[in-house]
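In what follows, chains carry the letters A, B, and so on, assigned in the order in which the sequence lines appear, proteins first and then strands, with residues in each chain numbered from 1.
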Amino acid sequence: MENQDFISNLSDDMKIMILSKLCIDEAVRCSILSQKWNGLWKQISHMELNLKRMVKPFTQLLESRKARTIPDFGAIAPPMLKSVSACNTLVYRMIFNTHSDCMSSCRIKHFQKSLAFGDVENWVNILVARNTALKDLSLECVPHCEELTDKFVSEEYIYVPSFTHGVFEFLSSLELTNYTLDSSLPFGKCNQLKKLRMRRIYLDDVTLGGILENCVVLENFSLLESTGFKRLLIVKSTLRVLQLQALCVDDIQLCCDNLEVLFIDSVICPVHNVDISSPNLRTCHSYSNSMYARMLSAETGKSILKTHEFLSRCSGLVGFRMTNIFENVSTLCIDLDLTHMIEACVLSYFLKLCSNLQVIRIALPVFRPRIQGSSSSKHGHYSHFILSLWEWREVCKCIGQKLKSVHIRGFRGRKEEVEVVKYLITRATMMKRITIICTDSKEAAENLLSLPMASANLSINLKLNANNPMDEFAEHQKEFHL
Amino acid sequence: MQKTEGEESKAENEEVKQVTLMTSDGVKMKVEISIVYEMEIVRSFIEVNDADHSVPFPLPNVSSHTLDLIIELVKNEYDDEFMKTFSHDELKEVLVAANYLNMKTLLDFIATAIANLLEKKSVEFIRNFFNIVNDFTPEEEAEIRKTNEWVFQDLDED
């Protein structure tokens, strides 16, 4: 049994499904395996085109090939390399070779220079015109391959793609990475697009506004690491999921009645210019302490919108706005410094305002300000205040009736942190699970196990995991791809 | 009063929590409803028929061993490491069963895993690994290599 060729004997549909997971060059190469594989790639449902791999496909083998003689790639490589135009031609061939009714999604990674003669725009035109089933499109411009020696186009010039008016009309999902957009015209008639993800895009306020206006049924919008605009103004009742990451703006105004999931990470904006109306919000993520945030803040010289500022502003805790967007929120994922007086204070009052909160995930800061000498005594003074803050806190509806699960990362056993957990264990009647990821040692957390529990079936999980900035970052990113 | 209400709803939860499945080798297995719900074929049946969960749902094409593996995979949130312990036979069985049960996430996961096995490997390596017999005539093979020349460049030596 073990020696049978099970993979070739799978149905064609399943083999095509496997081929659809591969890069186009790998999928095409499988034709050579046996008759049962020959030509199957033409029916793939997803086409992954990466020009970097087209330039020199032989590098794929570096990993699997046992070093009989280590090939001198310096010597072999130059004659093998294709010019960008040869690769561009190859892309056309691949597009025309696939069956026109099978492909439902396509991802293209191309070079800056593929934009020089309008090839990218042409591929997109052909793809949408030819592949009637195409619903998902992802385009990414990648840095140029340094070995290429086309001298006829300048390295410095920034190519602005000029996609055809209304070319995205039939798509339901579009992802654009690393472009400058100077017009919203390609988004004309975009009345099927539900998901739009823009990463590293340079666009101005007019273009951004135009895009949002054109996408009339947009449900899921991500704007990441993008620049060029000053205001973020989104009024959209169709929107359900919104992700904002690494942005720098003067004001944020969101009016999205049906928004269910909001993700804000490393955004620079004065807190008094943040106005959000989303009465149906269910899940909220807010991060301001990540590695990203630190990089962005250092780069721009401006300070990040802190999580506690965002929470207190949008819950109506401070400021003139009295509406609370967290009223129906059931899942809250945030980073906070519980040893910081204001942040601890905000959390304690904030919990009172979230009467439907069931799941809380708190990431304690990986980067902590060093407390030394005089500032330490000042801190000690506040510390006393923070402790009493939790000790005497009355039980609110959230803690008493709703809260089911708590997850705390980066726990260092500081007494302010311990006090919050103690408060939750002894008061939260409905809590089923509390997970504490300790950074240094489990010692302080182990003392928590002997506390009288308010909930009859609570399980306390302690884990030890020194959180380094990269892990923390990866964790946020994971949450990000909801 | 409040307490009794709580207990009642809890008892209810417990009742709907598991569904009994009957595998091809006649083993009755109680499976958590959250896992069963990933099996479109069972799910649609349960939903349409408002089924009595005590009657085992027959799965004539899935063995108890395969079902065990599937349950473990789903429970472990599709753990790559766990799947690497599968034999080719088990992999095939799970794939065929996932297709039959119409488990989209699992199918996707396995297809990706197999694609990863194919990726960045030489043709000879793949043929050996999966026992694929090259049934092309030398002429046919040369023809395929020629039409798709670019993907075979510098790969031909083995």
Side-chain angles (χ1 to χ4, degrees), chain A residues 1-11 13-39 41 53-66 68 71 73 76-77 79-80 82 86-87 90 93-94 97 430 456-457, chain B residues 2-3 6-7 10 86-96 98-100 104 107-137 140-158:
Chain A
M1 261 314 252
E2 190 65 34
N3 289 327
Q4 266 187 11
D5 171 13
F6 88 85
I7 185 166
S8 302
N9 290 319
L10 293 170
S11 68
D13 284 348
M14 277 197 241
K15 277 186 291 218
I16 290 165
M17 193 159 80
I18 294 166
L19 292 176
S20 301
K21 303 280 175 194
L22 291 166
C23 228
I24 190 71
D25 53 303
E26 301 265 10
V28 174
R29 205 152 53 88
C30 284
S31 279
I32 205 81
L33 292 175
S34 73
Q35 300 278 10
K36 285 178 174 152
W37 292 89
N38 192 10
W41 69 272
R53 297 175 61 115
M54 292 189 160
V55 174
K56 36 176 196 173
F58 61 84
T59 48
Q60 305 145 19
L61 278 195
L62 279 174
E63 284 180 40
S64 69
R65 187 177 280 159
K66 300 262 156 49
R68 279 168 297 202
F73 279 95
I76 312 171
M80 296 296 175
K82 293 183 195 68
C87 288
L90 213 45
R93 231 178 83 197
M94 290 302 111
N97 264 310
M430 303 305 285
N457 45 11
Chain B
Q2 220 177 355
K3 203 172 181 179
E7 272 168 11
K10 200 178 144 196
F86 287 17
S87 69
H88 281 184
D89 240 24
E90 288 172 327
L91 199 59
K92 180 192 90 176
E93 292 295 334
V94 170
L95 184 57
V96 171
N99 190 48
Y100 166 71
K104 293 210 170 56
L107 267 176
D108 204 66
F109 173 71
I110 303 172
T112 309
I114 295 179
N116 287 340
L117 290 173
L118 300 174
E119 207 174 14
K120 298 178 181 176
K121 305 292 191 304
S122 70
V123 172
E124 276 316 303
F125 181 89
I126 300 172
R127 280 184 186 148
N128 280 332
F129 190 79
F130 289 107
N131 296 304
I132 299 171
V133 178
N134 177 10
D135 50 5
F136 290 117
T137 63
E140 281 172 333
E141 183 160 341
E143 176 65 27
I144 295 171
R145 283 179 190 269
K146 202 175 155 230
T147 20
N148 302 298
E149 194 193 353
W150 69 282
V151 297
F152 295 109
Q153 272 176 2
D154 197 47
L155 304 180
D156 298 4
E157 55 192 277
D158 38 19

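Here the side chains of A:R29 and B:N148 are not in contact, with every heavy-atom distance at 4.5 Å or above.
For chain B, the nearby part of A:S8 is the side chain; its heavy atoms alone come within less than 4.5 Å. Proximity to chain B is absent for every atom of A:M430, based on heavy atoms less than 4.5 angstrom apart. Contacts of A:L19 with chain B are absent, with no heavy-atom separation under 4.5 Å from either backbone or side chain. Interface remark: A:I7 contributes side-chain atoms only to the contact with chain B (heavy atom separation under 4.5 Å). Residue B:I110 does not touch chain A at all, counting heavy-atom pairs closer than 4.5 Å.
Legend: residues meeting ring pair (Phe, Tyr, Trp, His ring centres under 6.0 Å) with B:Y100, ordered by chain and number and at least two apart, are absent. For B:T112, the side chain to side chain contact (heavy atoms under 4.5 Å, CB included) partners two or more places apart in sequence, or in a different chain, are A:K21, B:D108, B:N116.
Chain B forms more heavy-atom pairs under 4.5 Å with one residue of A:K15, A:R93, A:K36 than with any other, namely A:R93. Between chain B and the options A:D13, A:L10, A:N9, A:I32, the largest number of non-hydrogen pairs under 4.5 Å is found for A:I32.
Of the inter-residue distances, the one linking B:E119 atom CD with A:L22 atom CG reads 6.0 Å to the nearest 0.5 angstrom. Rounding to the nearest 0.5 Å gives a distance of 6.5 Å between CH2 of B:W150 and CD1 of A:I24. One distance of note links CD1 of B:I114 with CE of A:M14; it measures 9.0 Å at 0.5 Å rounding. Annotation: the span from A:I18 atom CD1 to B:L117 atom CG amounts to 9.5 Å, rounded to 0.5 Å. For the atom pair A:N38 CG and B:E141 CD, the distance stands at 10.5 Å (nearest 0.5 Å). Atoms CD1 and CH2, from B:I144 and A:W37 in turn, are 13.5 Å apart once rounded to the nearest 0.5 Å.
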request  = Determine, step by step, whether A:E26 and B:K120 satisfy the side chain to side chain contact (heavy atoms under 4.5 Å, CB included) criterion, reporting the C-alpha distance in whole Å, the side-chain angles of both residues, the deciding distance to 0.1 Å, and the verdict.
outcome  = CA-CA 8 Å; A:E26 301 265 10; B:K120 298 178 181 176; 3.9 Å; yes
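When all heavy atoms are compared, the tightest approach of B:R127 to A:L33 is NE-O, 3.1 Å.
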